[in-house]
Trainee: 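So that we are looking at the same thing, I have put the structure below in structure tokens.
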Amino acid sequence: MRWWSGAWMIAGMVALAACGTSAGGGSTGPASASGSASARPSSTAPTGVPASPSGPGPGTSATASSTPADRCAAGHTEISVAPGDAVEQRLCVRPGTVVSLVLRPRADDKQWKTVNTSAPALVVTSGWRLDADGTAHAALRCAGTRGGEAVVTALAKAPDVAGAARAAFTLHVSVVPYPTQG
């Protein structure tokens with residue numbers, strides 16, 4: 001059975017390598033963004049993404065036609081959530097983007113427990129760390145070739161209360177592929 005573990009490791013490495021490719025294709029989703037973004041050193045130009053803590057306004061629609069897709073973050077971006085921030089945010093990224101989610105310590109007695117994603121084939125949680133001060137860090141890797149939308153939820157729970165952790169923060173991640181030449 002040891003050779004199976006080697007086969008699974010190779011399959012996992014191939015899947016992670018595929019996350020770094022940047023081929024086009026797929027469907028588009030909302031193209032609004034929040035947080036701050038910086039391009040990878042290998043990129044030719046930095047990607048600035050405006051902050052929008054609560055997503056689009058009440059009378060606007062978050063579609064690809066209302067916001068240009070060129071405003072999507074590419075390479076690496078960081079989202080920091082502090083007490084008092086909106087509990088729901090939207091983020092538009094390009095395929096292959098790595099999102100660093102920083103969850104600051106909560107003001108109530110709850111602690112961050114984990115991060116879940118609704119579409120692991122599109123956005124996968126590749127790292128989770130909880131610091132001693134209560135700050136949580138999660139690394140979210142976006143698919144390299146697919147487009148679509150995933151909902152990432154951060155769960156929190158009071159340590160001395162029985163029961164399951166509940167969603168305390170929601171991030172709507174839209175992966176918008178690069179336009180294809182054709």
Side-chain angles (χ1 to χ4, degrees), residues 1 3-40 47 49 52 55 62-64 69 72-81 85-104 106 110-131 135-157 163-178 180:
M1 286 288 240
W3 67 274
W4 279 105
S5 61
W8 283 112
M9 285 185 58
I10 292 172
M13 290 179 3
V14 169
L16 286 176
C19 289
T21 62
S22 61
S27 61
T28 60
S32 61
S34 63
S36 61
S38 61
R40 283 187 275 189
T47 304
V49 178
S52 172
T63 61
C72 294
H76 184 269
T77 185
E78 182 174 300
I79 302 293
S80 182
V81 179
D85 287 352
V87 296
E88 219 173 289
Q89 293 185 14
R90 296 192 173 277
L91 177 66
C92 175
V93 296
R94 292 296 190 173
T97 301
V98 177
V99 179
S100 297
L101 182 61
V102 179
L103 304 165
R104 300 287 175 207
R106 296 180 51 88
K110 295 181 181 178
Q111 294 177 349
W112 298 109
K113 291 297 177 188
T114 188
V115 174
N116 293 330
T117 178
S118 66
L122 189 64
V123 177
V124 66
T125 304
S126 63
W128 172 257
R129 184 179 83 228
L130 185 62
D131 294 342
T135 302
H137 304 269
L140 309 172
R141 294 180 57 96
C142 300
T145 58
R146 296 179 181 227
E149 185 169 339
V151 178
V152 177
T153 53
L155 305 177
K157 177 183 175 299
R166 297 188 184 237
F169 174 73
T170 304
L171 180 65
H172 297 272
V173 180
S174 297
V175 180
V176 179
Y178 292 100
T180 57

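Just so it is clear, the values below take in all heavy atoms, side chains as well, and ignore hydrogens, waters and symmetry mates.
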Trainee: So which heavy atom on L130 is nearest to which on A136, and how close?
Mentor: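 Shortest heavy-atom contact: CD1-CB, 3.9 Å.
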Trainee: So do the side chains of V152 and V123 get within less than 4.5 Å of each other, counting heavy atoms only?
Mentor: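 Yes; the side chains approach each other to less than 4.5 Å.
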Trainee: Does T170 form a side-chain contact (heavy atoms from CB on, under 4.5 Å) with V151? I'd like the steps, not just the answer.
Mentor: CA-CA 7 Å; T170 304; V151 178; 3.4 Å; yes
Trainee: Of all the heavy-atom pairs spanning D131 and H137, show the shortest one and how long it is.
Mentor: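 Where D131 meets H137 most closely, the heavy atoms are OD2-NE2, 2.9 Å.
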Trainee: With the side chain counted from C-beta on, respond yes when C72 and V93 share a heavy-atom pair under 4.5 Å apart, and no when they do not.
Mentor: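 When only atoms from C-beta onward are counted, V93 and C72 do not touch, as no gap falls below 4.5 Å.
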Trainee: Verify side-chain contact (heavy atoms from CB on, under 4.5 Å) between L155 and W112, making sure each step is shown before the conclusion.
Mentor: CA-CA 6 Å; L155 305 177; W112 298 109; over 6 Å; no
Trainee: How long is the straight-line distance from NE2 of H172 back to SG of C92, given to the nearest 0.5 Å?
Mentor: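 Going from SG on C92 over to NE2 on H172, the span is 14.0 Å.
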Trainee: Grab the two heavy atoms, one from V175 and one from P177, that are nearest each other, plus how far apart they are.
Mentor: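 Smallest interatomic distance, heavy atoms only, reads O-CD, 3.6 Å.
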Trainee: Looking at every heavy atom in both D85 and S80, which two are closest together, and how far apart are they?
Mentor: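 Closest heavy-atom pair between D85 and S80: OD2-O, 3.8 Å.
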Trainee: Taking the side chain as C-beta and beyond, is there a heavy-atom pair between T145 and P95 under 4.5 Å?
Mentor: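 With C-beta onward as the side chain, the pair stays apart.
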Trainee: If you look at every heavy atom in A143 and A121, which pair is closest and at what distance?
Mentor: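 Closest approach of A143 to A121: CB-O, 3.6 Å.
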Trainee: So, for T117 and A150, which heavy atoms are closest and what is the spacing to 0.1 Å?
Mentor: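 In terms of heavy atoms, the two residues are closest at OG1-CB, 4.1 Å.
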Trainee: Atom OG1 in T135, atom CZ in R106: separation rounded to 0.5 Å?
Mentor: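 Answer rounded to 0.5 Å: 12.5 Å.
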Trainee: Working to the nearest 0.5 Å, report the span between CZ of F169 and CD of Q89.
Mentor: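 CD of Q89 is found 4.0 Å from CZ of F169.
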Trainee: Can you confirm whether S100 sits close enough to H76 that some side-chain heavy atom of one is under 4.5 Å from a side-chain heavy atom of the other?
Mentor: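 A side-chain contact exists here, since the closest heavy-atom pair is under 4.5 Å.
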Trainee: To the nearest 0.5 Å, what is the distance between NZ (K113) and NZ (K157)?
Mentor: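 It comes to 6.0 Å.
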Trainee: Just verifying a value: how many Å separate C142 SG and L91 CG, rounded to the nearest 0.5 Å?
Mentor: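 The SG atom of C142 sits 7.5 Å away from the CG atom of L91.
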Trainee: Atom CG in L140, atom CD1 in I79: separation rounded to 0.5 Å?
Mentor: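 Going from CG on L140 over to CD1 on I79, the span is 9.5 Å.
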Trainee: A side-chain contact here means heavy atoms from C-beta on lying under 4.5 Å apart; do R104 and V81 qualify?
Mentor: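 Not in contact.
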